Chemist: 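Here you go, one structure.
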Amino acid sequence: LSGRRQLLAISELAEEGGGASHPASDLVVRSVSSFPGQMMGIFVGTRTAQGEPYTLRMIEHRQLRPDALLLVLSEDEARPQGLRIFGLTPSACERDVAYTLETAKGVFAERGWSTMGALMFSCTGRGPSTRGASEAFDANTFLNTFPGVPLAGAYVNGEVGPCAKAGVDSTTVFRVGEASLQGMTAVFTIFAVPRPEPSRPLLRELTFGDVNVAFRGVLAGL
């Protein structure tokens with residue numbers, strides 16, 4: 001690995017709630033087998049503080065070693081203090097994109113912003129046709145959430161955008177930077193602007209009486 005990355009080897013993980021510790025790779029495999037329905041991908045989520053969203057990374061087979069789970073972190077990334085395994089299923093994808101877009105819509109409404117248009121780049125593994133999911137659910141969910149708002153984009157093999165996160169809210173749904181190449185994600189760029197305030201006339205209509213009063217006031221001050 002280059003000097004711009006950290007390699008973190010996790011040998012054991014404890015169950016949530018302070019349960020017993022298990023070999024990390026075994027716990028990942030057990031978690032995968034417990035997810036119902038069609039599996040589209042397995043992600044490990046990490047966070048550095050309680051209450052933060054989980055940063056998601058897709059797990060590949062080469063990261064599962066008999067003695068450790070290997071994670072690659074950026075050079076300046078803090079060591080995770082919490083870790084969770086996420087299974088990507090068609091129904092989970094649909095719920096997540098609906099929740100995220102509704103959260104974004106709520107933020108726009110709270111700020112008084114108007115949505116002008118959007119770009120979407122979604123993984124080919126998410127559509128347009130995916131077994132177990134509705135047709136083009138990423139695009140259609142956007143159009144249902146923001147009716148009448150133009151949407152352009154494509155289904156691609158690898159999406160560039162901020163790192164995918166789980167557990168976002170109104171304070172974390174919009175992010176800038178942290179760009180990375182990811183898989184099985186959908187990246188939306190939404191163009192929004194503040195709604196213009198009603199314009200106020202710079203001059204008001206004056207009557208002859210108004211001018212007369214103002215003129216007398218000027219004379220009185222001489």
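Counting from 1, the numbers follow the sequence of the chain as shown. Basis for what follows: all heavy atoms, side chains included, without hydrogens, waters or symmetry-related copies. Source: prediction; values computed, not measured.
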Chemist: Taking all heavy atoms of Leu70 and all of Ala9, pick out the closest pair and write down the distance.
Modeler: CD2-CB, 3.8 Å

Chemist: Does the pair Thr172 and Lys165 meet the rule for a side-chain contact (heavy atoms from CB on, under 4.5 Å), with working shown?
Modeler: CA-CA 9 Å; Thr172 54; Lys165 291 184 181 290; 5.9 Å; no

Chemist: Answer yes or no: is there a donor N or O on one side and an acceptor on the other, between the side chain of Gln182 and the main chain of Gly161, under 3.5 Å?
Modeler: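 Between the backbone of Gly161 and the side chain of Gln182 there is a qualifying donor-acceptor contact (under 3.5 Å).
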
Chemist: Search all heavy atoms of Arg175 against all heavy atoms of Pro162 and return the closest pair with its distance.
Modeler: NH1-CB, 3.4 Å

Chemist: If Ile, Leu, Val, Met, Phe, Trp and Tyr residues are connected whenever their side-chain heavy atoms lie under 4.5 Å apart, and connections chain through other members, are Phe142 and Tyr155 in the same group?
Modeler: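 Hydrophobic grouping puts Phe142 with Tyr155.
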
Chemist: State plainly whether one hydrophobic cluster holds both Phe191 and Phe108, where clusters connect Ile, Leu, Val, Met, Phe, Trp and Tyr through side-chain heavy atoms under 4.5 angstrom apart.
Modeler: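 The answer is no; the residues belong to distinct hydrophobic clusters.
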
Chemist: With a 4.5 Å heavy-atom cut-off, do Val44 and Leu56 have their side chains touching?
Modeler: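 They are not in side-chain contact.
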
Chemist: Of all the heavy-atom pairs spanning Pro194 and Trp113, show the shortest one and how long it is.
Modeler: CA-CD1, 3.6 Å

Chemist: Do Ile190 and Val173 share a hydrophobic cluster (ILVMFWY, side-chain heavy atoms under 4.5 Å, transitive)?
Modeler: yes

Chemist: Can you list the steps and then say if Asn144 with Thr141 is a side chain to side chain donor-acceptor pair (under 3.5 Å)?
Modeler: CA-CA 5 Å; Asn144 292 332; Thr141 300; 5.6 Å; no

Chemist: side-chain contact (heavy atoms from CB on, under 4.5 Å) between Thr103 and Tyr99: does it pass, once the steps are laid out?
Modeler: CA-CA 6 Å; Thr103 301; Tyr99 167 79; 3.6 Å; yes

Chemist: Could you walk me through whether Leu71 and Leu83 pass side-chain contact (heavy atoms from CB on, under 4.5 Å), step by step?
Modeler: CA-CA 11 Å; Leu71 294 183; Leu83 187 147; 3.9 Å; yes

Chemist: Are Leu151 and Phe174 joined in one hydrophobic group, where the rule is that I, L, V, M, F, W and Y side chains link up if heavy atoms are under 4.5 Å apart?
Modeler: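 Both belong to a single hydrophobic cluster.
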
Chemist: If you take all heavy atoms of Thr185 and Arg126, which pair is closest and at what distance?
Modeler: O-CD, 3.5 Å

Chemist: Determine the minimum heavy-atom distance between Val149 and Met116, stating which atoms define it.
Modeler: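 Scanning both residues, the minimum pair turns out to be CG1-C, 4.1 Å.
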
Chemist: Do side-chain atoms of Asn140 reach the backbone of Glu135 as a donor and acceptor pair under 3.5 angstrom?
Modeler: yes

Chemist: Could you tell me whether the side chain of Glu94 and the main chain of Phe137 form a donor-acceptor pair under 3.5 Å?
Modeler: no

Chemist: Should Val160 and Val97 be regarded as members of a common hydrophobic cluster, given that ILVMFWY residues are connected when their side-chain heavy atoms come within less than 4.5 Å of each other, either directly or indirectly?
Modeler: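 As far as the 4.5 Å side-chain criterion goes, Val97 and Val160 are not connected within one cluster.
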
Chemist: Looking at every heavy atom in both Thr48 and Pro80, which two are closest together, and how far apart are they?
Modeler: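 Scanning both residues completely, I find the closest heavy atoms to be CG2-CA, 4.4 Å.
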
